[in-house]
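Notes follow once the structure below has been shown.
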Amino acid sequence: MRLSSEAFALRLRRAGLLIDTGVAGVFAGGSGFEAIVSGIDRAVSALGAGQQIEVVRFGPTMNRSDFERSGYLHNFPHLSATLFGFAGDQGAHRDLIDRLEHDGEWTARLMATDLVATPAACYPVYPMLARRGVLPDAGTVLDVASYCFRNEPSDDVTRWRTFRMHEFVFVGEPEAAVAFRTGWLARAEHMLESLQLPVSIVPANDPFFGRAAPLLRQQQLDDVLKLEAVIPVHTSNDGTACASFNLHRDHFCRVWGLSVRPGVIAHSACVGFGLERLALALLAEHGLSVSSWPSGVRELLLL
Ligand code: ATP
Ligand code: ZN
């Protein structure tokens with residue numbers, strides 16, 4: 001039986017699976033939770049085994065100028081976060097400490113660094129490919145993962161601000177990008193069904209910001225640019241998106257000058273798995289005690 005988000009979160013905390021950090025949307029995982037996350041991460045990697053996929057692991061931050069070029073600030077400024085640091089002299093330091101100890105407004109003394117928090121695991125891929133130069137004729141597929149950050153504090157136990165995303169990304173011919181998404185959708189659906197999760201694949205849209213948002217959202221739905229694997233985790237929403245299957249058309253490749261042939265801009269597509277959300281979906285479906293999960297599920301996750 002599914003619980004409300006609040007009741008589910010309480011049970012997860014009591015079982016030591018999730019640990020509060022005192023801020024909304026940021027949790028630490030206990031050993032049991034992390035074992036499930038590692039199992040999912042491995043199972044996701046295994047989906048790409050033997051397919052000549054380049055594996056790259058990024059940290060939780062990315063190059064600020066790459067991020068500025070990506071267009072994220074135009075579409076999702078409300079989710080973004082920039083890293084600031086202290087770069088002053090001793091006088092500025094005295095002022096910083098004075099503010100810290102008196103009015104608490106010490107952050108006004110910081111300067112933006114050349115880093116931002118990575119919003120999705122695939123964002124650093126396109127500039128990485130652009131720096132490399134020519135794409136292979138058959139296009140390229142990468143297996144990437146990172147901690148991601150989105151500033152969306154929430155009471156929903158499935159909506160985190162710091163979370164891990166594992167993605168497969170394609171860059172190449174336009175038709176091949178569509179075929180990539182179709183193939184990976186089937187592969188992911190099969191994996192989620194093997195995990196005995198009640199999954200529905202539904203068209204979705206991104207939370208665009210500002211006046212153009214309704215138009216952009218509708219366009220994404222009309223053109224079926226985003227599909228999500230939605231799984232019921234708790235009763236406080238209609239289901240939680242645990243993976244997404246995205247066509248970017250030439251958005252990133254145009255920005256980064258990635259061409260398949262002279263004069264032909266490449267297209268990209270990505271398939272992203274949310275590791276914490278999948279762990280929560282498994283806990284909601286099979287219970288908090290992993291030892292009583294179905295044996296096929298435990299075997300697949302090496303638990
Ligand atoms: P949502 O519709 O719930 O806001 P999204 O469409 O923004 O999610 P994507 O950008 O497609 O999500 O990210 C890929 C995957 O990363 C999602 O399917 C989900 O599993 C995970 N994810 C995204 N946002 C969060 C979050 N705030 N907390 C936990 N996992 C997330
Ligand atoms: Zn992506």
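Here, residue 1 is the first one in the sequence, and each next residue gets the next number. Whatever order the structure lists ligands and atoms in, that order sets their numbers, starting from 1.
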Does an N or O anywhere in [X] fall below 3.5 Å from an N or O of ligand 1?
| X | result |
| --- | --- |
| P207 | no |
| A241 | yes |
| W160 | yes |
| N205 | no |
| F163 | no |
| N246 | no |

What's the shortest distance from [atom] to any protein heavy atom, and which residue and atom give it?
| atom | value |
| --- | --- |
| atom 9 (P) of ligand 1 | K226 NZ, 3.6 Å |
| atom 5 (P) of ligand 1 | R150 NH1, 3.7 Å |
| atom 13 (O) of ligand 1 | M165 CE, 3.5 Å |
| atom 21 (C) of ligand 1 | G274 CA, 3.7 Å |
| atom 4 (O) of ligand 1 | R159 NH1, 3.0 Å |

How does [X] reach ligand 1, if at all, at less than 4.0 Å between non-hydrogen atoms: by side chain, backbone, both, or neither?
| X | value |
| --- | --- |
| E228 | side chain |
| C242 | backbone |
| R277 | side chain |

Taking [X] for the side chain and [Y] for the main chain, is one N or O donor matched with an acceptor at less than 3.5 Å?
| X | Y | result |
| --- | --- | --- |
| E285 | L197 | no |
| T182 | V178 | yes |
| H102 | D98 | yes |

Checklist entry - Vertex the Zn ion (ligand 2): angle to OE1 of E167 and SG of C122, to 10°? => result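 About 110° at the Zn ion (ligand 2).
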Checklist entry - Are I265 and V125 connected in a single hydrophobic cluster, I mean Ile/Leu/Val/Met/Phe/Trp/Tyr linked by side-chain heavy atoms less than 4.5 Å apart? => result no
Under a 3.5 Å cutoff, is there a donor and acceptor pairing between the side chains of [X] and [Y]?
| X | Y | answer |
| --- | --- | --- |
| D41 | H166 | yes |
| Q218 | D222 | yes |
| N246 | R181 | no |
| D156 | T158 | yes |

Could you tell me whether [X] and [Y] have their ring centroids closer than 6.0 angstrom?
| X | Y | result |
| --- | --- | --- |
| F76 | H74 | no |
| F245 | W184 | no |
| Y72 | Y123 | yes |

Show me which atoms of ligand 1 lie under 4.0 Å from any heavy atom of [X].
| X | result |
| --- | --- |
| S244 | 9 (P), 11 (O), 14 (C), 18 (O) |
| T158 | 28 (N), 29 (C) |
| A243 | 18 (O), 20 (O) |

Checklist entry - Heavy-atom contact under 4.0 Å between R161 and ligand 1? => result no
Item to check | L278 to ligand 1, any heavy atom closer than 4.0 Å | outcome: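 Under 4.0 Å: no for L278.
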Checklist entry - Under 2.8 Å from the Zn ion (ligand 2), is there an N/O/S atom belonging to C270? => result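 Yes, C270 qualifies, because one of its backbone or side-chain N, O or S atoms lies under 2.8 Å.
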Item to check | Minimum side-chain heavy-atom gap F8-L283 below 4.5 Å | outcome: yes
Next on the checklist: Over 60° means perpendicular and under 30° means parallel, so tell me whether H248 and Y126 are parallel, tilted or perpendicular.
Outcome noted: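 Aromatic pair H248/Y126 classed perpendicular.
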